[in-house]
Structure formats: structure tokens, C-alpha cells
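Start at 1 and go down the list; that is how both ligands and their atoms are numbered.
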Amino acid sequence: MPAFIVLLGPPGVGKGTQAKIIAAATGLPHVSSGDLFRENIKNETELGRLAQSYISKGELVPDDVTIGMIRDRISRPDCKSGALLDGFPRTTVQAAALENLLAEFGGKVDTVPYISASESTLVERLGGRWNCKAQGHVFHEKHNPPKQAGVCDFDGSELYQRDDDKAETVTRRIQVYFAQTAPLVAYYRERGRLSEIDGAQPIEKVTADLLAALKM
Ligand code: ADP
Ligand code: ADP
């Protein structure tokens with residue numbers, strides 16, 4: 001049965017970084033709701049315009065819009081054996097919708113690694129984050145610098161800092177995480193799916209703990 005892995009954790013904890021590494025190691029597709037919204041914004045779609053108004057304020061995009069976008073993505077053929085979900089679900093309504101979608105597709109939520117770190121670590125990581133324009137590869141100016149400043153190691157595209165990584169928006173995103181997403185920790189723990197990972201460790205150590213939790 002297709003197994004979907006939900007990477008849970010606050011903004012800046014390293015979900016995207018780990019998802020890219022694990023996707024390369026396992027061949028599972030990396031499905032990032034944030035990347036899908038940013039692609040829509042870049043392509044100036046109606047969905048992109050709507051999402052932008054929430055993202056720029058650090059608020060969540062409404063559930064119905066987000067669920068519809070994920071439904072389209074995970075019904076594509078590359079997800080027939082499962083996927084790494086990064087940034088979705090972010091509310092209990094989205095988590096329930098995911099169960100229904102997977103029941104329909106004959107899949108299930110497998111392990112839910114919950115990666116955590118202190119708030120000061122999150123703020124420091126988001127403040128130094130640089131993303132690549134082509135494929136969303138992630139760097140940090142101090143902890144994971146690109147070989148050449150401003151250029152992606154993997155595809156040579158330009159690196160940029162996200163508008164929503166500025167200090168005021170980061171504070172709001174962390175508040176929104178605690179209010180709307182943190183309840184998912186209990187949700188998945190009660191269902192016996194949660195696996196806790198210390199996200200304050202170096203990138204390689206977090207990867208090793210994740211692979212052990214996923215039994216990969
Ligand atoms: P998320 O997807 O959870 O928001 P990212 O993967 O984008 O987080 O990581 C946020 C920032 O922190 C990036 O700049 C990334 O390079 C850096 N980072 C990720 N994991 C670690 C780690 N274990 N130690 C230090 N920095 C990290
Ligand atoms: P982060 O690096 O903080 O984990 P993402 O790239 O996952 O950020 O998300 C960026 C923004 O996109 C969020 O602040 C939110 O506005 C929107 N977003 C992403 N995923 C979701 C979701 N599942 N539900 C609602 N909004 C979302």
C-alpha cells in the first residue's frame with residue numbers, strides 16, 4: 001500500500017532540507033505545499049494570487065484551497081508508491097482530509113517524524129536561509145553555505161531570500177504554527193504514528209535519525 005510520510009515541525013526546523021535528502025536517497029517524490037504555492041505565484045495563476053495574500057502576512061492559506069492543491073498533486077502518477085509530505089497537513093482539518101484522500105487512493109499515512117527545535121534556533125535558521133529559484137534547494141549562510149555565494153550548488157540557479165523570512169513575518173509564522181499546527185503532534189501521537197526527532201542537531205545527524213525512524 002502506498003505509504004505517505006508526513007514531515008511535521010515548525011517553520012525553519014529543517015523539513016525541506018531533510019525532504020530533499022531523503023527524496024534523493026529513496027526515490028520518493030518530495031511534495032512541499034509551500035513550493036507548490038510559490039510555483040503558482042511565479043506562474044501568476046489565480047491560486048497563486050490568492051495564496052500570496054496569506055503567505056505575505058505569515059497566515060495559512062485557507063484549508064479548502066490547500067487541500068484541493070494537494071489532492072491534484074498526490075493524484076499524479078509519481079505518487080503511486082507514496083510521497084514525502086512537507087508542510088502539509090498544517091491543521092487538523094487538513095489532516096482529516098488527508099486521511100480521506102488516501103482512503104480514496106488506497107494509501108495511508110505511515111510514519112510522522114516530528115522534528116523540533118527551540119524558537120531561537122528557528123528564528124536564526126530562517127534569518128539565514130537562502131533558496132534556489134529553480135528547484136527550491138535550501139542553504140544557510142552559516143550552517144550550510146553554498147560553494148559560491150548566491151549560486152545553487154545543485155542546479156546553478158540564483159539564490160534568494162524569501163519575503164516571508166523577514167523578522168516580523170517569521171514571528172507571526174511561529175505563532176500560527178503553535179496555534180494551528182502544533183495540535184497535530186497530539187493528533188498523530190494518539191494514532192501511534194509519531195516519531196520524535198531532535199532537529200537541533202547537525203543536518204547529517206537529523207538525516208540519520210530520520211532514516212532510522214523510517215526504517216530505511
Ligand atoms: P523548513 O522546511 O522546516 O522551514 P528548511 O529546511 O528550509 O526548514 O531549513 C531552514 C534553514 O535552516 C535553512 O537555511 C537550512 O539550510 C537550515 N538548516 C536546516 N537544517 C539544519 C540543521 N540541522 N542545522 C543547521 N541549519 C539547518
Ligand atoms: P516553512 O519553510 O515555514 O515551513 P512553507 O514553505 O512550508 O514554509 O510555507 C510557506 C507559507 O505557505 C506558509 O507560511 C503558509 O502561508 C503557506 N502554506 C504552506 N503550506 C500550507 C498549508 N498546508 N496550509 C496552509 N498554508 C500553507
Those atoms of ligand 1 less than 4.0 Å from some heavy atom in P202:
23 (N)
Is there a donor-acceptor contact under 3.5 Å linking the side chains of H30 and D86?
yes
Side chains of I74 and L85, heavy atoms from C-beta outward: is any pair under 4.5 Å?
yes
Per the under 4.0 Å non-hydrogen criterion, ligand 2 touches P11, K15, S33, G34, F37, R38, I55, E59, L60, V61, T66, G87, F88, R90, Q94, R129, R162, D164, R173
Are L60 and Y54 in one and the same hydrophobic cluster, where Ile, Leu, Val, Met, Phe, Trp and Tyr link if side-chain heavy atoms are under 4.5 Å apart?
no
Any non-hydrogen atom of E141 lying under 4.0 Å from ligand 1?
no
For residues V6 and P89, report the shortest heavy-atom separation together with the two atoms involved.
CG1-CD, 3.7 Å
Heavy atom under 4.0 Å from ligand 1: found in A200's side chain, backbone, both, or neither?
neither
If every non-hydrogen atom of I115 is compared with every non-hydrogen atom of L210, which pair is closest and at what distance?
CD1-CD1, 4.4 Å
Please report the shortest heavy-atom distance between K133 and K42, naming the atom on each side.
O-NZ, 3.7 Å
Determine whether the side chains of D164 and T169 contain a donor N or O and an acceptor N or O closer than 3.5 Å.
no
Do S157 and D155 have a side chain donor and acceptor closer than 3.5 Å?
yes
Does either side chain, that of R49 or that of Q52, offer a donor lying less than 3.5 Å from an acceptor on the other one?
no
K205 contact mode with ligand 1 (heavy-atom cut-off under 4.0 Å):
neither
Which of the numbered atoms in ligand 1 are under 4.0 angstrom from any heavy atom belonging to H143?
25 (C), 26 (N)
Output the list of atoms in ligand 1 that are nearer than 4.0 Å to some heavy atom of F139, sorted by atom number.
13 (C), 14 (O), 16 (O)
